[in-house]
Visitor: 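Okay, handing you the structure first.
The basis for the numbers below is simple: all heavy atoms, side chains too, and nothing from hydrogens, waters or symmetry mates. Every chain is numbered from 1, with letters handed out A, B, ... down the list of sequences.
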There are 2 protein chains.
Amino acid sequence: MRKNPIVQRETLGAAVLQIRSGRATSRTTLAKALGISPSTTGLYVDHLIAEKYLNESGLNQGPMGRPRRILSTQAGAGWFAGVEFNAHRIQAVGVDFSGSLKETVELLLPADVMAEQVIKSILACVAKLAETMQGPLLSVGLGAPGLVDAQAGVGIYYAFIPDWKLVPLVEVIGSRLKVPVILQNNLRAIALAERWFGIGHELSDYVILGPRSGFGIAMVQDGRVIEGAHHAAGEVGRWPWPLMNTAGGGQELHHALSAPATWRRLAGVGEQNNLPEDLREGLAAVADSSGPEWDAVCADYARVIGLLHMIIDTGVFILHGPLTMLGERFCHSITDTACALMPALRDAGLKVVPSTLGDNAGALGAASQAMEAWAPA
Amino acid sequence: MRKNPIVQRETLGAAVLQIRSGRATSRTTLAKALGISPSTTGLYVDHLIAEKYLNESGLNQGPMGRPRRILSTQAGAGWFAGVEFNAHRIQAVGVDFSGSLKETVELLLPADVMAEQVIKSILACVAKLAETMQGPLLSVGLGAPGLVDAQAGVGIYYAFIPDWKLVPLVEVIGSRLKVPVILQNNLRAIALAERWFGIGHELSDYVILGPRSGFGIAMVQDGRVIEGAHHAAGEVGRWPWPLMNTAGGGQELHHALSAPATWRRLAGVGEQNNLPEDLREGLAAVADSSGPEWDAVCADYARVIGLLHMIIDTGVFILHGPLTMLGERFCHSITDTACALMPALRDAGLKVVPSTLGDNAGALGAASQAMEAWAPA
DNA sequence: GGCTTTTTATTCGAATGCGAAAAAATCCCA
DNA sequence: TGGGATTTTTTCGCATTCGAATAAAAAGCC
C-alpha cells in the first residue's frame, strides 16, 4: 500500500467529476483529463477508493497493451439534491453519486406566496427526497427565478414573489442543511442540465431558449455559462418588439414570444380568452397547424434567433419549456425562416433543436451544479 | 543568495505581466496577484532580476511596517511588435518591455493587394521598427481583419484581399522572425488595447463598437474576449436593417451604421456623392449637427446597443474608429435615445464612451497580445 | 511457449512549492 | 532612545508532486 498524502480537496472533486461524466475511465485517462502526472493520479484514486467514493469495476482491454482498470463512481456514496422553483411550484430531484436521477418531488405553491414560505417548502422537498435516497446528502443546488447573484448566493429580485429582494438563499438553506449550497439562475441551471443529462455533454457552445411566462436565454461559451456584469445576461425579454416601434413604451418580446402568447397566436385566440388547463397539451394540439399565424410566430422566433446567432456565434440553440411540444417541425420552420430572412446565416451552421429533457430540466440543472461544486471533506 | 530552482516559464511570464500592468508592485502584492506563496514569489522575482527583466526601483512606505521594495520592468530588456492591417494599410507599433509605446510605422497598401505582399509588408514594418527599438524583439502580435482562428493562428477569410483564405499567418511570420507570434481578429485586438492602454484596464466586462467600412463588435466577458464557436462572435454587420423588413434580402446593418454611411446620413449626402478626402475630418465637421438626420442615426445606434446590452449585460460600450470624432455628445445622445426606447435600460447602467485611443488602437492591441503571450525562455 | 511490442499502473528518488517562523525595516509612543 | 506594533521579505524544513524507470498485463507472432 502506498502512503496516503493529504491531497487537495478540489482536485479530488475534479477527479470524481471526470469519472462520473465518463470523460475519464481509468487512472491514465484521468491523469490526462486532470492535467496531472500518472503517479499522482494513482495516489488520488487510491484515496478515493479507500474512502468508498470510487470503485474498480473490471477491465477494459484495448487493441493491445495492459488493460485499463475501469473506475466507476460508487452510487451509494451519497446523493445530491437539485431544486428549482418559481412563483407557482417547486420541483426537486434526487441524484445519486453516479449522477443518475433517482427521485422527483413537485410541490405547488399558493398564490401570493412569500419568500419565507418558499424557503420552508424547499427544505420540505429536500426532506421528502431524503426519505428515499440512500447515503448522506452531499450538497444542494438551487435554481432560482429572476436576477441571481450566483457568486454571492443571493436571489436579487423576482417580480412574481412580492418580497423576493436580496434573499440570501445559500446562507439560509446552507445553515439549515449543513451542506454546501450552490445557487444559479434557473435558465442558466438548465444550461448545466443539458451538459450533464442532455445533448450538451459534448458541446462547448450553445444557447438555451427558455420561453415560459416570459422569454429569456442562457448562453454557454467555451464551456462557461455567461453571467453578465450585473447577472442579467440573456434577459432579452424586455426587447421592444416589434423592434422598429419608434415611439417607445410599446410591446416587449415577453409579450410576443412567451409560451402563453405563442399558444394564443397559434390557436388564433385573443387575450380575453382563458388559457387551456394544460398549456403543454394546448400547444401539442396546435403543433400541426399552419397558415399565416404559424408563419408569423416562426418569423418572430427566427428573427430573434438570427440576431442572437450573429452576435454570439453559438453552435446550437436548444429549445426548452412548454414549446418543445411543438416538436421538430417548429424548430425546422424557425431555422428555415431565419435563413431566408438573413442569408448570412446559411453558412453559419444555424441549428435549433428541442431539448430531450422534460419539465424538470431546471431541477436537473440545479443538481448538476451541486455535483460540480462538491468535493470530499 | 538563495538557490535558483528551475522555475516555470508561464508563471514567470504572468509575474512580469502583473508588474508591467501595475497590478502588483512588490513581492508580497505579486504573491497575492499570482496566487502563490510569498516564499516562492521571492524566488521567482530573484530569478527575473538576475535575468535583467525586472529591477528594484526604490521603496514604498505604507502607513506602517517594513516598506515595500518596488519592482519595475526593465524597459530595455527587449520589445514587442504589434501589427494591424486591412486591405488599405498596415499599422505597426513598437512597445518596450515596460509596455510603453515607443515607435509607430504606417504603410499604405496598393489596391488589389494579395496575401503574399501583405505578409512581406508586415515583415518590412517589423524590420523598420527594429531599427530604432532597443534590445531583442521578444514577440509579435498580429491583428488581422475578417474571420480569424486565433488558436490555430490562421486567417480564415477576408473579403477585401482576393486570395485571403486560410493564411497560416503565425507559422509564416514566426518562421521568418524566429519569435512567438500571436494572432487575433483586429476588433478583438482592440479590446485588448483598451485593457492595456485605455479605459478597460480596470474593467472586466465591456464591448468594443467598431464602425469602419462595416460594423462589428468585440465583447469582453469577465476579462475574457469572446471568440464564438466559429470565430465569428460579434459579426453583427449582416443583421437585416431595418429589422422588420419581412421580405428578406434587404439592407444590412453594415449599410446603415458604417462610418461612411453615418457620415452620409449626418451630412445629408446621397450615395452618388463622394466621401470627403479625410473621413475623420468630415465627421468632425458634422459633430455639432442636429435635426432629424442626427436623431435617426442616434436611434439606430441606440437600438443596436440596447439589444446588445440586454443580451450580454455588459458594463460599458467603447466606441472606436472614425466615429469617435463625433465626440461625447454623440455618445450621450445614443445613451439617452436608448433609454427612451427601452425603459428597461434605465436601471441597467448603460454607458457609451468614446475611446481615448487613437487610430492605432488595433496595432496597440496586437502589441498587447504579444506582451500577454510572452514568457522568458 | 517464449519472445517482442504495446499500453497501463506503480515505485522511488529528486525537487519544487508551501507554511511557519524568523529576520528586517519602519512607525508610534512613552 | 528604546520597546512594541506592523508589515514585508527571507530562511528553512517538510511534503506533495513530478519524471524516469520499472513492473505488470495483455496481444501478436513465430
Visitor: Calculate the interatomic distance between Q8(B) atom CD and dT17(D) atom P; express it in whole Å.
Guide: 13 Å

Visitor: So which of residues 53-71 of chain B are in contact with DNA chain C, with a heavy-atom cut-off of under 4.0 Å?
Guide: L59(B), Q61(B), P63(B), M64(B), G65(B), R66(B), P67(B)

Visitor: Need one value for T28(A): base, sugar-phosphate or nothing, where a base atom within 4.0 Å counts as base even if backbone is also close, heavy atoms only.
Guide: sugar-phosphate

Visitor: Look at the aromatic rings of F80(A) and W374(A) and report parallel, tilted or perpendicular, splitting at 30° and 60°.
Guide: perpendicular

Visitor: For V181(B), run the side chain to side chain contact (heavy atoms under 4.5 Å, CB included) check against V170(B), L169(B), V83(B) and tell me which one passes.
Guide: V170(B)

Visitor: Does atom CD of Q61(B) have more than 12 heavy-atom neighbours, drawn from other residues, nucleotides or ligands, at distances under 6.0 Å?
Guide: yes

Visitor: Rounded to whole angstrom units, what separation is found between the OH atom of Y44(B) and the P atom of dT9(D)?
Guide: 18 Å

Visitor: I36(A) CD1 to dT16(D) P: how many Å, rounded?
Guide: 14 Å

Visitor: I'd like to know if R27(A) and E56(A) make a salt bridge, using a cut-off of under 4.0 Å between side-chain N and carboxylate O.
Guide: yes

Visitor: Expressed as a whole number of angstroms, how long is the span from H47(B):NE2 to dT16(C):P?
Guide: 12 Å

Visitor: Look only at the side chain of S21(B) and the backbone of R23(B), and say whether a donor-acceptor pair between them is shorter than 3.5 Å.
Guide: yes

Visitor: State whether a side-chain donor-acceptor pair under 3.5 Å links S39(B) with S37(B).
Guide: yes

Visitor: Which heavy atom in S368(A) sits nearest to a heavy atom in A193(A), and how many Å separate them?
Guide: OG-CA, 3.9 Å

Visitor: For the backbone of A218(A) and the side chain of R188(A), can you confirm whether one donor and one acceptor N or O come within less than 3.5 Å of each other?
Guide: no

Visitor: Could you tell me how far apart L43(A) (CG) and dG19(D) (C1') are, to the nearest whole angstrom?
Guide: 14 Å

Visitor: Under 4.0 angstrom, heavy atoms only, what part of the nucleic acid is S26(B) near: base, sugar-phosphate, or nothing?
Guide: sugar-phosphate

Visitor: Determine to 10° how strongly the helix from dG1(C)-dC30(D) to dA30(C)-dT1(D) is bent, judged from the axes of its five-pair ends.
Guide: 10°

